[in-house]
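Data block below; observations after.
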Amino acid sequence: MNERLKQIRKKLKLSQEFVAKQLEMTRTTIVAIEAGTRKVTSDELLKFAKLYGVSTDELLYGETTEETEVRAFARTFS
């Protein structure tokens, strides 16, 4: 997940400083999260998802909301 957080942040062209300020964290914390040396709490995960405009599934598993919905639909009818 840490690499996905970094990739999405870069795709959105957001600095670590900006993300840290928006999430009320320090830049050092963002660096540690992206490096995988610090885990993300469930509350922080929700904040990242909201800031980045993605689902928590995309952050956790690399799946877009649409992919998750298609898989759920497929399970329903299998």
Side-chain angles (χ1 to χ4, degrees):
M1 177 180 68
N2 56 319
E3 189 59 33
R4 280 189 291 281
L5 286 170
K6 184 177 182 179
Q7 288 173 348
I8 294 170
R9 177 183 59 76
K10 286 186 170 191
K11 182 180 176 183
L12 295 172
K13 298 181 178 161
L14 302 176
S15 68
Q16 290 174 330
E17 293 85 1
F18 177 82
V19 171
K21 185 173 182 176
Q22 295 300 308
L23 301 182
E24 298 178 343
M25 297 177 177
T26 65
R27 181 182 172 277
T28 305
T29 300
I30 300 300
V31 169
I33 289 170
E34 289 184 355
T37 59
R38 181 189 179 281
K39 300 213 183 272
V40 177
T41 68
S42 56
D43 287 340
E44 291 168 343
L45 180 67
L46 292 171
K47 289 179 183 180
F48 272 108
K50 184 175 180 180
L51 178 63
Y52 291 171
V54 298
S55 69
T56 54
D57 282 343
E58 186 169 349
L59 294 178
L60 290 169
Y61 311 112
E63 296 178 342
T64 64
T65 302
E66 183 177 306
E67 291 168 335
T68 303
E69 289 172 356
V70 167
R71 191 158 20 116
F73 180 79
R75 272 196 307 260
T76 301
F77 292 99
S78 62

**Asked** Atom CG of L60 and atom CG of L5: how far apart are they, to the nearest 0.5 Å?
**Response** 9.0 Å
**Prompt:** Under the side chain to side chain contact (heavy atoms under 4.5 Å, CB included) criterion, do E34 and K10 qualify, and how do the steps go?
**Reply:** CA-CA 11 Å; E34 289 184 355; K10 286 186 170 191; over 6 Å; no
**Message:** Please find the pair of heavy atoms, one from A49 and one from S55, that lie closest to each other, and give the distance.
**Reply:** CB-C, 4.2 Å
**Asked** In Å and rounded to the nearest 0.5 Å, what is the NZ to CG distance from K50 to L45?
**Response** 14.0 Å
**Asked** Does the side chain of V54 reach to within under 4.5 Å of the side chain of R4, using non-hydrogen atoms?
**Response** no
**Asked** Is the closest side-chain heavy-atom distance between M25 and I33 below 4.5 Å?
**Response** yes
**Complete:** dist T29:OG1 -> L23:CG (nearest 0.5 Å) comes out at 10.5 Å
**Asked** What distance do K21 atom NZ and T26 atom OG1 have between them, rounded to the nearest 0.5 Å?
**Response** 14.5 Å
**Request:** Enter the distance from E44:CD to L51:CG here, rounded to the nearest 0.5 Å.
**Result:** 13.0 Å
**Fill in**
With sequence neighbours left out, the residues meeting salt bridge (Lys or Arg N to Asp or Glu O under 4.0 Å) with E3 are none
**Prompt:** Is the side chain of R9 donor-acceptor paired with the backbone N or O of L14 at a distance under 3.5 Å, no angle test?
**Reply:** yes
**Request:** Output, in order, the C-alpha distance, side-chain angles, deciding distance and verdict of side chain to side chain contact (heavy atoms under 4.5 Å, CB included) for L59 and I8.
**Result:** CA-CA 9 Å; L59 294 178; I8 294 170; 3.6 Å; yes
**Request:** Please confirm whether the backbone N or O of A32 pairs with a side-chain atom of T37, one donor and one acceptor, at under 3.5 Å?
**Result:** yes
**Pairs flagged by ring-ring contact (aromatic ring centres under 6.0 Å, His included) wherever residues 11-50 is involved - sequence neighbours left out** = F48-Y52
